[in-house]
Amino acid sequence: MPGSSPLRTYLVEDNPTIRENLVATLEELGGVASIGFADTEQQGSRWLADHGGHWDLAIVDLFLKQGSGLGVLQACRGRQPGQKVVVLTNYATPDIRVRCQQLGVDAVFDKSNEIDALIDYCLALSKGGSA
C-alpha cells in the first residue's frame, strides 16, 4: 500500500544481539519501524499497556532478563483488534504453542528455524495483508 505508514513494532527481547539483528533486518526490508524495546516482563507489559493505540505489532520472547514473556502476553490480552502479538522463542514446543494460543497470541516462531517465517509475517502485515 503506497503511502501507508510503517508497521509500528515493539520488541520484548533480552538478548541484545538478537534484538539488534531483528530490528535491522525488519527495518531494512521496509514497511516496519521499531518503536522501542524492553528486556523485562515489567518494562514490556507497562509500555504496551501505557501506549495502547501506538503500536501495531509486539514481538515477545518468553524467557527474559526478569520475569516471563507469558506475563507480557497476559498484559496484551485487552489490545485493540488490529494489533498483533507474536512470540519469538527458542522453546517453541507444542505445549508452549498451545499456552501462547490460549493467551491470544497471533503466531509463534522458533528462533532456531523460523526467523524467515517471522520476517514474512511482518512483511505481510506491513503491506496490509493478514498474515
Side-chain angles (χ1 to χ4, degrees):
M1 294 183 337
S4 65
S5 55
L7 185 70
R8 300 166 300 173
T9 304
Y10 189 79
L11 190 58
V12 183
E13 166 65 64
D14 63 347
N15 182 314
T17 304
I18 292 173
R19 192 172 57 229
E20 290 163 15
N21 289 338
L22 185 58
V23 166
T25 300
L26 291 173
E27 289 189 344
E28 195 174 287
L29 295 171
V32 180
S34 174
I35 58 171
F37 72 88
D39 58 9
T40 68
E41 175 184 345
Q42 184 179 9
Q43 287 175 333
S45 298
R46 181 179 297 138
W47 192 94
L48 290 163
D50 289 349
H51 298 86
H54 301 286
W55 58 274
D56 303 310
L57 173 66
I59 301 173
V60 180
D61 185 13
L62 295 181
F63 293 90
L64 302 170
K65 190 176 355 178
Q66 292 179 328
S68 163
L70 293 173
V72 177
L73 302 179
Q74 188 74 35
C76 292
R77 291 194 81 167
R79 68 186 182 272
Q80 297 172 11
Q83 292 175 311
K84 302 291 184 186
V85 176
V86 301
V87 168
L88 179 63
T89 183
N90 284 319
Y91 304 95
T93 64
D95 287 346
I96 288 290
R97 290 178 187 272
V98 167
R99 182 70 183 122
C100 289
Q101 187 177 25
Q102 291 169 342
L103 289 169
V105 168
D106 295 290
V108 177
F109 300 98
D110 190 310
K111 286 181 183 176
S112 62
N113 61 12
E114 295 180 326
I115 295 286
D116 288 343
L118 170 65
I119 291 167
D120 290 345
Y121 180 93
C122 294
L123 287 174
L125 284 179
S126 74
K127 292 180 174 140
S130 58

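Hydrophobic clustering keeps V87 apart from I115 (ILVMFWY residues linked when any side-chain heavy atoms are closer than 4.5 Å, directly or through intermediates). Cluster membership check: L125 shares its hydrophobic cluster with V86, using side-chain heavy-atom separations under 4.5 Å among Ile, Leu, Val, Met, Phe, Trp and Tyr. The same ILVMFWY cluster, assembled from side-chain heavy atoms under 4.5 Å apart, contains both V108 and V85.
The salt bridge (charged side-chain N to carboxylate O under 4.0 Å, His left out) search around R8 returns D56, not counting sequence neighbours. Remark: E27 pairs with V23, S34 by the side chain to side chain contact (heavy atoms under 4.5 Å, CB included) rule, at least two apart or across chains. Contacts of T17 classified as side-chain hydrogen bond (donor to acceptor under 3.5 Å, both in side chains), with partners at least two apart in sequence or in another chain: none. Here F109 pairs with Y121 under the ring pair (Phe, Tyr, Trp, His ring centres under 6.0 Å) rule; sequence neighbours left out. With sequence neighbours excluded, the residues forming a side chain to side chain contact (heavy atoms under 4.5 Å, CB included) with V32 are L7, T9, L26, C122, S126, listed by chain and number. Every residue two or more places apart in sequence or in another chain that forms a side-chain hydrogen bond (donor to acceptor under 3.5 Å, both in side chains) with E114 is listed here: R97. E13 is linked by a salt bridge (charged side-chain N to carboxylate O under 4.0 Å, His left out) to K111, counting only residues two or more places apart in sequence or in another chain. Legend: residues meeting side chain to side chain contact (heavy atoms under 4.5 Å, CB included) with Q102, ordered by chain and number and at least two apart, are V98, R99. In this structure P16 satisfies the side chain to side chain contact (heavy atoms under 4.5 Å, CB included) test together with R19, E20, sequence neighbours excluded. Residues forming a ring pair (Phe, Tyr, Trp, His ring centres under 6.0 Å) with H51 (at least two apart in sequence, or on another chain): W47.
Applying the under-4.5 Å side-chain rule to Ile, Leu, Val, Met, Phe, Trp and Tyr, the cluster around I18 consists of that residue alone.
Put simply, the side chain of W55 reaches to within 4.5 Å of the side chain of R79, judged on heavy atoms.
Applying the side-chain contact (heavy atoms from CB on, under 4.5 Å) test between L11 and each of L88, L57, I35, L22 identifies L22 as the sole match.
Of the N and O atoms on the side chains of S112 and D110, at least one donor lies less than 3.5 Å from an acceptor on the other residue.
Put simply, CD1 on I59 and OG1 on T89 are 13.5 Å apart, with the number rounded to the nearest 0.5 Å.
Proximity of a side-chain donor or acceptor of D61 to a complementary backbone N or O of V12 within less than 3.5 Å is not detected.
Between Y10 and A38, the shortest heavy-atom distance links the atoms OH-CB, 3.3 Å.
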Distance-only donor-acceptor hits, side chain of residues 62-72, under 3.5 Å, sequence neighbours excluded:
from: K65; atom 1: NZ; to: D39; atom 2: OD2; distance (Å): 3.0
from: S68; atom 1: OG; to: L70; atom 2: N; distance (Å): 2.9

